[in-house]
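What follows is one structure encoded as structure tokens, with my remarks underneath.
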Amino acid sequence: MTESINNVHKDLFINGEWINTADYKDLINPATGKVIAKIAQADETQVEDAIQAAYDAFQPWKSLELKDRTQYLHNIADLLEEHADRLAEIMTIEQGKSIKESKLEVIAGAESFRWNAEEARRLYGETIPAPNDHKYEIAYEPVGVVGAITPWNFPSGMITRKIAPALAAGNTVVLKPSSDTPLSALAIFELFEQAELPKGVANIVMGSSKEIGEAMTSSKLVKKITFTGSTPIGKALYAQSADTLKKMSLELGGHAPFIINADADIDAAVEGLMAAKFRNNGQVCIAPNRIFVHKSIKDNVLKQLTEKVEALKVGNGLNEDTNVGPLIREDAIDKIKKQIINATDKGATLVTGGHRLTGDEYDNGFFFQPTILDNVNRTMDIFYEETFGPVIPIITFDTLEEVIEMANDSEFGLASYAYAKDSKTIQTIATSLEYGMVGINEVAISNPETPFGGVKHSGFGRENSHLGIKEYVTAKFINTKFL
Ligand SMILES: NC(=O)c1ccc[n+]([C@@H]2O[C@H](COP(=O)([O-])OP(=O)(O)OC[C@H]3O[C@@H](n4cnc5c(N)ncnc54)[C@H](O)[C@@H]3O)[C@@H](O)[C@H]2O)c1
Ligand SMILES: O=CCCC(=O)O
């Protein structure tokens with residue numbers, strides 16, 4: 001295996017020290033199916049140690065001069081940029097996405113650190129009109145120890161967008177990264193160590209998800225849980241946190257509608273769809289999963305789309321010419337195959353793709369053909385279930401009213417997209433879609449400056465933007481009477 005994987009730490013990082021464990025678990029490269037590393041698995045005491053270390057570090061970290069605290073974040077941003085190539089290689093090997101995408105993700109993480117370092121200096125309190133002998137103030141204070149749990153699809157980005165605002169606002173953190181992609185997280189923690197972040201401010205534990213989740217949610221010392229992952233696990237953590245009444249942010253599943261109206265710029269719509277759908281091989285919570293095309297333009301859209309989908313190069317993400325890497329695990333392939341079989345059994349047409357890719361070129365990796373399904377309807381599982389893979393289901397519509405009703409027919413409410421020109425149509429779509437984010441003639445909806453998050457079973461809370469950092473503070477009201 002490459003030097004980058006051999007050299008990255010595989011142990012826990014607690015109170016500024018690398019800590020080994022009694023148990024180590026195999027980590028697989030999804031592009032080859034081979035074991036690439038053995039990862040430390042924390043026991044119960046080690047998880048408690050990490051929480052205690054974060055608790056002990058909280059008061060000194062919170063009390064630092066703001067310019068000193070935020071300087072650490074700027075230094076981390078510099079280090080992320082400096083080490084972006086190495087971090088990108090580690091990410092591609094453990095997760096599969098193309099090396100270009102991995103690098104963009106690391107750089108976006110550096111941006112998160114910079115943005116939040118700047119925004120922390122603008123966490124202004126407020127003064128409220130009061131009687132002359134009183135002062136009413138609101139002060140924003142850090143919540144304390146934050147438990148962060150992250151998924152595998154953005155092994156670096158989901159961590160940086162949580163840890164940067166948490167630390168910037170004066171909190172300390174215990175992170176549990178995904179068991180499928182711990183190396184990217186560990187490589188980031190090496191940079192925290194290099195930046196000489198004070199001991200205990202950021203800690204990382206790997207191990208049994210259930211046990212670590214329970215330790216975090218039941219702990220009286222942990223004041224907030226920030227979770228990104230699937231809806232069922234998010235709901236379980238929400239229930240588990242009831243007893244200790246934690247502040248929570250839940251960034252959960254999505255099943256984005258993508259509407260192409262009769263008056264849309266078809267070239268732009270197809271280009272946007274390709275970019276958003278095949279980013280990370282469709283394993284993105286904001287990936288378009290239900291493509292609603294006006295019936296008058298369906299043939300034209302399908303022709304353009306099929307040409308582009310068939311031209312995609314599937315392969316190991318380390319190869320510079322790869323557009324689409326492997327899926328994360330064997331069971332991800334099973335899920336997609338099941339959705340495709342269910343849809344075709346019920347009348348969908350397989351336009352292209354639909355099969356696993358095997359053979360020497362694909363090693364023992366989890367590769368799947370980019371796929372288009374036509375004539376999809378509401379009787380099929382793919383209409384309602386999150387897809388998380390390279391499948392484009394086409395559903396046709398007649399009227400605006402009909403497509404809005406179908407687009408909203410989902411338990412999820414994260415991202416949505418629409419391509420149209422008429423301003424009244426655009427306004428109707430933007431205001432009627434029951435989603436946390438709406439991209440109109442645009443698929444780039446995730447930036448440090450703009451709020452990211454969902455409604456319905458996609459969770460609550462916002463990441464990025466001035467709203468993101470507010471998830472890591474409490475508003476204290478101070479009423480002073482002058483005697
Ligand atoms: N809304 C968003 O911003 C966003 C972003 C990325 C991914 N996602 C969602 O994440 C999902 C894919 O990621 P995944 O497969 O890693 O999700 P997942 O829910 O299986 O796992 C997410 C994290 O939770 C941990 N976990 C699993 N069981 C747990 C338990 N019982 N207690 C505590 N932690 C537990 C996992 O180890 C991982 O670290 C998709 O549903 C996707 O839509 C959402
Ligand atoms: O799956 C999560 C989406 C990440 C992003 O686009 O910022």
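Note that ligands are numbered from 1 as they come in the structure, with each ligand's atoms numbered from 1 the same way. The model shown is predicted, which means the values in this text are computed figures rather than measured ones. Atoms considered below: every heavy atom in the structure, side chains included; atoms not considered: hydrogens, waters and symmetry mates. The first residue of the sequence shown is numbered 1, and numbering continues consecutively from there.
For ligand 1, the protein residues placed under 4.0 Å by at least one non-hydrogen atom are Ile149, Thr150, Pro151, Trp152, Asn153, Met158, Lys176, Pro177, Ser178, Ser179, Ser209, Lys210, Gly213, Phe227, Thr228, Gly229, Ser230, Ile233, Leu237, Glu251, Leu252, Gly253, Gly254, Cys285, Glu386, Phe388, Leu414, Phe452.
Checking His457 against Lys235 by side-chain atom types alone, a donor-acceptor pair falls below 3.5 Å. Using modelled atom types and a 3.5 Å distance limit, the side chains of Ser465 and Thr450 yield no donor-acceptor pair. No hydrogens or angles considered: nothing links the side chains of Glu251 and Thr228 as a donor-acceptor pair under 3.5 Å. Using modelled atom types, one finds a donor on one side chain and an acceptor on the other under 3.5 Å when comparing Asn280 with Gln95.
No cation-pi contact links Arg462 to Phe452, judged by a cut-off of 6.0 Å to the six-membered ring centre and 45° from its axis. Taking the ring centre of Tyr472 as origin, the terminal cationic atom of Lys224 falls inside the region bounded by 6.0 Å and 45° from the ring axis. Geometrically, Lys470 engages Tyr140 in a cation-pi contact defined by less than 6.0 Å to the ring centre and at most 45° from the axis.
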Atom pairs and distances, ligand 2 N/O vs protein N/O under 3.5 Å:
residue: ligand 2; atom: 1 (O); partner: Asn153; partner atom: ND2; Å: 3.0
residue: ligand 2; atom: 1 (O); partner: Cys285; partner atom: N; Å: 2.9
residue: ligand 2; atom: 6 (O); partner: Arg279; partner atom: NH1; Å: 2.9
residue: ligand 2; atom: 6 (O); partner: Arg279; partner atom: NH2; Å: 3.0
residue: ligand 2; atom: 7 (O); partner: Arg161; partner atom: NH2; Å: 2.4
residue: ligand 2; atom: 7 (O); partner: Ser446; partner atom: OG; Å: 2.5

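For the atom pair CD of Glu330 and CZ of Arg356, the computed distance is 4.0 Å after rounding to the nearest 0.5 Å.
Checked against a 6.0 Å centroid threshold, the rings of Tyr435 and Tyr417 do not count as neighbours.
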